[in-house]
Amino acid sequence: MCGIIGYVGKRNSVPYIIDGLKKLEYRGYDSAGISILQEGKLVTVRAVGKVAELEKAALQLSPKGTTGLGHTRWATHGKPSEENSHPHTDCSGEIVVVHNGIIENYLMLREQLISLGHLFKSETDTEVIAHLIEENLKHVRAASDEDRLLKAVQKTNKEISGAFAYGVMWARTPGLLVGVKNQSPLVVGVGKDESFLASDVPAFLQHTNRVLFLEEGEMALLRAGKVTVLDKTGTPKKVRPVKISWDRQTAEKGGYAHFMLKEIYDQPQAIEDTLRTARTDFGKILGMDTAALRALRQVHIIACGTAYHAGLVGKYYLEQFAGIPVTVDLASEYKYRTVPHKVKTLAIAISQSGETADTIGAINKAKEFGFHTLAICNVLGSTLTRVCDRTFFTHCGPEISVASTKAFTSQITAMYALAVSLGKANGNLSKSAFDAAYRDLMQLSKAMGETVKLEYTVRHLTRKIYKADKFIFLGRHVNFPIALEGALKLKEVSYRSAEGFAAGEIKHGPISIIEKGTPVFMLMPQDGLFEKMLSACQECRARGAFVVALTTPGAEKAAKSVADQVIQIPQTNDLLQPVLNVVPLQFLAYWIAKRLGCDIDQPRNLAKSVTVE
Ligand code: G6P
């Protein structure tokens, strides 16, 4: 976790860095810091808490300089404190480092460095990088200080192990920043007379949209408007910046009070954008020929959190359309269970960020078995997309709110597109069934546009129930994962107890927790299981629950007879219905959190992408 930003250019770097840190806060926000090279000396300011605290502290000291680094932290080694905040320095105070990831052998290195006389000031793994560079600088020979720094960093990279991305600045090499990427995200922005180093593109997008994506093991040397990339072997490599089409506004709130709300409203467009890939690249998504597709015997889906719920929905799609058995695993579990791997398998990793360490670990295991691997991912150039054979980009734009909304519905949409294309290719789906499934998919964005109009209804409802201490969500079949997601969303942003169950299971235990007034949300569109959901409503109501039925046109009357409130959701086909059904639950989580005064975009204890295991 953590966010890194660096600036080198012709202007004062401080506002660029502070602003970049604010854009990176979703990656961690327990402390932050900056170091600026001011007239040959490094000035460092650090503060516990959010970037706003750092900004206040920086204003007092008002450092100025054209080269600087910044960091926003999500603690892994050492508690959130000023001493543990980045940037970290060596003994001389001339080298500063900001880092994202984990240095696995840091304890051993720390002991070695201490025995050589280095003094450590923090409990972090990061600090060993600064001291190692200092130590290595003593031993490398080169014509210039810049070359010495480069060699010392290269030597350091050979000595540290783990997943890391870091930025280095040395007081003796003004106008130079060094970036290193090894299995943690790091991108470079190339502007006119200025260059940026960051964990993610939105950190500098308002200044340049020309981006260099570093490969694993690569380094970047940043100077004002000029960047040199060195490959794994240290050889300079020719790379052209990619032009990112996300504009500044896309990456910002667009007038909404919170990113979460904006991103819920982004969903019609997000679905449209996700399907653009499906329209143009349908046959090519998987990169397998027909014979290979027909030979597939099983699919393994791997993901974490919200993406896992998208995977659970995807299982129904693949089994229905492509007729292939599917398992869905939490990535953190997949990695440590015995996985039978003798048959032809497609492994699909779903991840918004493409940087979730558990997911990357699990897909690497799948690769070791020789499985064909596909990422369903939103972030261009992310680690997961490099690890997998192919990627289906959801293209739903940057998702900043920690609680995932538009990425989730885009992931389900992608799974549906994939499943029908697979079904067509392997002969499981007739032409007419494919056409019908495809037609519904192409109407989905429009239906989503209608669904987001439910905000007012849900907002009104939350007034009655927001003080409840627990919430229950029930659904069956494709709507069971939506019950899980509804509960997760509410937990994430409002810190309330919430649980999702398969509605058929309620009588086997969970019903005991229902008390008078417990809000129970029933996902009950008019499908083949509607009657069974009606019974579940009655069972809950008989125990005093406050039942909210989420249903589709035509079923309202029946739903009203068993529920305290009915929310009518636009209708699509039964299998796509979850994409719409989750929307009122997203609004529900948002409005309960808002009424409770929670920090919606950055809930306590969470981070947007968890890049540690
Ligand atoms: C974190 C976030 C969750 C997210 C999960 C997976 O835990 O807090 O909201 O669902 O990571 O993230 P990914 O980027 O892999 O989809």
Side-chain angles (χ1 to χ4, degrees), residues 163 183 216 277-278 281 283-379 382-394 407-408 410-423 425-426 428 481 609-611 613:
Q183 291 173 40
E216 303 310 340
T277 313
D281 267 338
K284 296 186 214 142
I285 295 167
L286 276 167
M288 294 165 94
D289 60 22
T290 312
L293 285 174
R294 285 179 188 256
L296 268 183
R297 287 295 163 266
Q298 59 179 7
V299 176
H300 288 176
I301 299 178
I302 298 158
C304 303
T306 289
Y308 170 70
H309 296 153
L312 290 174
V313 178
K315 173 182 162 76
Y316 292 94
Y317 294 168
L318 283 164
E319 292 187 339
Q320 170 85 28
F321 293 131
I324 303 177
V326 180
T327 59
V328 190
D329 277 77
L330 291 163
S332 53
E333 291 294 316
Y334 188 86
K335 212 174 149 191
Y336 298 101
R337 76 168 167 92
T338 303
V339 176
H341 56 271
K342 295 253 153 48
V343 295
K344 283 263 175 241
T345 305
L346 167 68
I348 304 177
I350 309 177
S351 172
Q352 187 286 131
S353 62
E355 299 296 347
T356 302
D358 287 327
T359 308
I360 292 164
I363 204 73
N364 274 325
K365 174 170 171 174
K367 280 193 87 165
E368 278 166 25
F369 294 143
F371 294 173
H372 191 75
T373 52
L374 174 79
I376 295 186
C377 187
N378 194 38
V379 179
S382 59
T383 307
L384 185 69
T385 65
R386 289 149 191 258
V387 169
C388 290
D389 297 317
R390 291 288 168 130
T391 300
F392 185 148
F393 283 107
T394 46
F408 177 65
S410 285
Q411 287 158 354
I412 302 179
T413 304
M415 282 304 308
Y416 186 95
L418 190 72
V420 291
S421 64
L422 200 55
N426 74 4
N428 194 62
S609 57
V610 182
T611 51
E613 204 186 325

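Atoms considered below: every heavy atom in the structure, side chains included; atoms not considered: hydrogens, waters and symmetry mates. As the structure is a computational prediction, the values presented were derived from the model and not from experiment.
Counting heavy atoms from C-beta outward, Ile324 and Arg297 have side chains that stay 4.5 Å or more apart. Under the 4.5 Å side-chain criterion, counting only non-hydrogen atoms from C-beta, Phe321 is not in contact with Leu422. Side chains of Phe369 and Val339 form a contact here, defined as non-hydrogen atoms less than 4.5 Å apart.
Residues His372 and Gly287 share a closest heavy-atom pair of CE1-O, 4.1 Å. Counting all heavy atoms, side chain and backbone alike, Tyr334 lies closest to Lys365 at O-NZ, 3.0 Å. Of all heavy-atom pairs between Val379 and Ser353, the closest is CB-O, 3.4 Å. Across all their heavy atoms, Cys377 and Ser382 have their closest contact at SG-OG, 3.4 Å. Here the closest non-hydrogen pair linking Pro481 and Leu312 is CG-CB, 3.6 Å. Of all heavy-atom pairs between Ile363 and Ala349, the closest is CD1-CB, 3.7 Å.
A distance of 7.0 Å separates CG in Leu418 from CZ in Phe392, rounded to the nearest 0.5 Å. Distance check, rounded to the nearest 0.5 Å: CG of Asp389 to CG of Leu346 gives 9.0 Å. For the atom pair CD1 of Ile376 and OG1 of Thr385, the computed distance is 13.5 Å after rounding to the nearest 0.5 Å. Cys304 SG to Glu333 CD: the interatomic distance, rounded to the nearest 0.5 Å, is 10.5 Å. To the nearest 0.5 Å, atoms OG1 (Thr394) and CD (Gln352) are separated by 7.0 Å. Within the model, atoms CG of Asp358 and CG of Leu330 stand 9.0 Å from one another, a figure rounded to the nearest 0.5 Å.
Under the 30°/60° scheme for interplanar angles, the aromatic rings of His309 and Phe408 are found to stand perpendicular.
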Residue pair Ile350, Ile302: steps toward the side chain to side chain contact (heavy atoms under 4.5 Å, CB included) verdict: CA-CA 6 Å; Ile350 309 177; Ile302 298 158; over 6 Å; no
Let's go through Ile348 and Met415 carefully: what are the C-alpha distance in whole Å and the side-chain angles of both, what is the deciding distance for side chain to side chain contact (heavy atoms under 4.5 Å, CB included) to 0.1 Å, and is it a yes or a no? CA-CA 10 Å; Ile348 304 177; Met415 282 304 308; 4.2 Å; yes
For side chain to side chain contact (heavy atoms under 4.5 Å, CB included), just list the numbers for Leu296 and Thr345, CA-CA rounded to whole Å, side-chain angles, deciding distance to a tenth of an Å, and then say yes or no. CA-CA 6 Å; Leu296 268 183; Thr345 305; 5.6 Å; no
Residues Leu374, Thr391; criterion side chain to side chain contact (heavy atoms under 4.5 Å, CB included); working and verdict: CA-CA 5 Å; Leu374 174 79; Thr391 300; 5.7 Å; no
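Between Asp329 and Arg337 a salt bridge is recorded (basic side-chain N to carboxylate O distance below 4.0 Å).
Proximity of a side-chain donor or acceptor of Glu319 to a complementary backbone N or O of Val326 within less than 3.5 Å is detected. Asn426 places no side-chain N or O within 3.5 Å of a backbone atom of Leu293 that could act as its donor or acceptor partner. Remark: the backbone N or O of Ala362 is not paired with any side-chain donor or acceptor of Lys335 at under 3.5 angstrom.
With no hydrogens or angles considered, no side-chain donor-acceptor pair links Ser609 and Glu355 at under 3.5 Å.
Annotation for Lys344: atom NZ does not count as buried by contact number, only 12 or fewer foreign heavy atoms lying within 6.0 Å.
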